[in-house]
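Working notes, beginning with the structure itself.
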There are 2 protein chains.
Amino acid sequence: MVANSLRARVRAEMIDEIKAVARRHLATDGANLSLRAVARDLGMASSAIYRYFPSRDDLLTTLILEAYVALGDAVEAADAAVDRDDLRGRWFASCRAARAWALANTAEYALLYGSPVPGYTAPDDTIEPAARPPMTLIGIARDGLATGQLTPPPAADLPQPVQDDLADIAASLAPGMPAALLARGMAGWTQLFGLISFELFGRIKGALPHRDDYFDHQIALMADLVGLPR
Amino acid sequence: MVANSLRARVRAEMIDEIKAVARRHLATDGANLSLRAVARDLGMASSAIYRYFPSRDDLLTTLILEAYVALGDAVEAADAAVDRDDLRGRWFASCRAARAWALANTAEYALLYGSPVPGYTAPDDTIEPAARPPMTLIGIARDGLATGQLTPPPAADLPQPVQDDLADIAASLAPGMPAALLARGMAGWTQLFGLISFELFGRIKGALPHRDDYFDHQIALMADLVGLPR
DNA sequence: CTAATTCGAGAGCAGTGCTCTTGACAGGTC
DNA sequence: GACCTGTCAAGAGCACTGCTCTCGAATTAG
């Protein structure tokens, strides 16, 4: 079986090489990835790629899934590196990590959070890793609740239907989380996504030279909204 | 000049027809718009399209610009329909109008606020209409400041570099606007964009059946952040 | 009526994703 | 060593794309 494993090893290396080249092309050409161009870079015929990936969409899906995992890893690692009781520090670290990853991997971020490709539908494998960054933020709020550092926002403002919907989500994803607090955590995630997208997709332009500070301030506003103590 | 105007009229109608068909294709096929398919639908040769639009990107640019104008019109009209002193009502109306337009024109919204096409760079004509929705929101805060209904947030939390950057923006776009308030208005716009994008691009899925109410609540949170009185 | 302009159609080029067939190579078996 | 068997790369080919160019027809201007 040595020979077999040799074959398998070569195959695995080939797959890695294809993904690496594809990622490189992604950075320059965006989502319209050309299999033929990748094949050219690898010095092989375009048809040979199909030995490793059944279709172009399949290659893209693999890249997307790995990108989700990479982003999730980055955010969770940043959160884990901070003292558990330093809620605000964890919030900042997580958000900054997401932004840093997006700035370093703009093409892949656009693939994850940009407009979806028309024919393409994301496989179910992506919904779990896609939920990791928002779950990290919500986890910070939940920990604050558990330690008493954080007092839940009033639920009076919450319409009953939303209250019920959020209670269902909390029941399956974050047991014990009050609906009103969950809503604010999700607002924080929405804001984070919006901030990164605006910065990456060029809405802000040169109008805001101190982008790091602006980002921090906007993130701080959301930390206040969630109720993280200073 | 009757004859001339006839030719010109036919030409204008032809342009409108091309744009209409292209918009229809956009809704189903997304950003990868096919000139040949549009030509087929119109019963003409693909090369004939080039008599009216110098390139595919040019057609897309026209569509994008008109979409910006349509969205801006919708938001401003919704704001204008509410009593000037009802700040919160104006905020809700503007945000809801943006969401309604996006839901009714998902493909065009994706074109405006989705991931940018790699080679494509937006012309300068788009930056003014693109700024209309956020300017509407900021205008509401500014009116509140003028009438005394709204008290500006403390500027102490604002780092000096951000303070300066925002002051520059305010000076050219919204004179008299305190930097801290401008930051919160922009946070509202960011949140609005994020909410709509998440809903359109399918991150929320079926987990939140009462999307209207959820949207309203999240928008209300931002209205509170800006300081709009209840 | 003639000359100039505008327009549509067709052919053609280079590129794309993808399929199918052909031939070369390595693995294990007799 | 000879012989299958599975794996792989390459090439040809199909249908599609954006775009250019040329040619003939129609329309407008003088």
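We name chains A, B, ... by the order of the sequence lines, and we start the count at 1 in each one.
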In whole Å, what is the span from the [atom1] atom of [X] to the [atom2] atom of [N]?
X: A:R11; N: C:dA26; atom1: CZ; atom2: C1'; answer: 15 Å
X: A:F53; N: D:dC8; atom1: CZ; atom2: P; answer: 13 Å
X: A:L60; N: C:dG17; atom1: CG; atom2: P; answer: 10 Å
X: A:N32; N: C:dG17; atom1: CG; atom2: P; answer: 10 Å
X: B:Y50; N: C:dC13; atom1: OH; atom2: P; answer: 17 Å
X: B:R40; N: D:dG18; atom1: CZ; atom2: C1'; answer: 13 Å
X: A:L35; N: C:dC18; atom1: CG; atom2: C1'; answer: 9 Å
X: A:R9; N: D:dC8; atom1: CZ; atom2: P; answer: 14 Å

Checklist entry - Is there a side-chain polar atom (N or O) of A:S55 under 4.0 Å from OP1 or OP2 of C:dG17? => result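 No, no such contact exists.
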
Checklist entry - With a non-hydrogen cut-off below 4.0 angstrom, is B:L33 in contact with a base, only sugar-phosphate, or nothing? => result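 Sugar-phosphate, no base atom in range.
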
Between the protein and nucleotides 9-13 of chain D, which nitrogen or oxygen pairs are less than 3.5 angstrom apart?
from	atom 1	to	atom 2	distance (Å)
D:dA9	OP1	A:Y52	OH	2.9
D:dA9	OP2	A:Y52	OH	3.2
D:dA9	N7	A:R51	NE	3.3
D:dA9	N6	A:R51	NH2	2.5
D:dA10	OP2	A:A45	N	2.7
D:dA10	N7	A:S47	OG	3.0
D:dG11	N7	A:S47	OG	3.4
D:dG11	O6	A:S47	OG	2.9

Checklist entry - Strictly by modelled atom types, are A:S115 and B:Y109 linked by a side-chain donor-acceptor pair under 3.5 Å? => result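 Distance-only check fails for A:S115 and B:Y109.
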
Anything under 3.5 Å between a donor and an acceptor, one on a side chain of residues 126-140 of chain B, the other on a protein residue two or more places apart or in another chain? List them.
from	atom 1	to	atom 2	distance (Å)
B:T126	OG1	B:P123	O	2.7
B:R132	NE	B:E76	OE2	2.8
B:R132	NH1	B:D73	OD1	3.4
B:R132	NH2	B:G72	O	3.4
B:R132	NH2	B:D73	OD1	2.6
B:R132	NH2	B:E76	OE1	3.0
B:T136	OG1	B:R132	O	2.8

Checklist entry - What are the two closest non-hydrogen atoms of B:L195 and B:Q218, and how far apart are they? => result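 In terms of heavy atoms, the two residues are closest at CD1-CB, 3.5 Å.
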
Checklist entry - Got a sec, which residues hit salt bridge (Lys or Arg N to Asp or Glu O under 4.0 Å) with B:D143, two or more places apart in sequence or on another chain? => result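 B:R90.
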
Item to check | Derivation and outcome, salt bridge (Lys or Arg N to Asp or Glu O under 4.0 Å), residues A:R211 and B:D165 | outcome: CA-CA 9 Å; A:R211 276 178 273 185; B:D165 286 354; over 6 Å; no

Item to check | Ring center gap for A:F215 and A:F198 short of 6.0 angstrom | outcome: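 No: the rings miss the under 6.0 Å criterion.
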
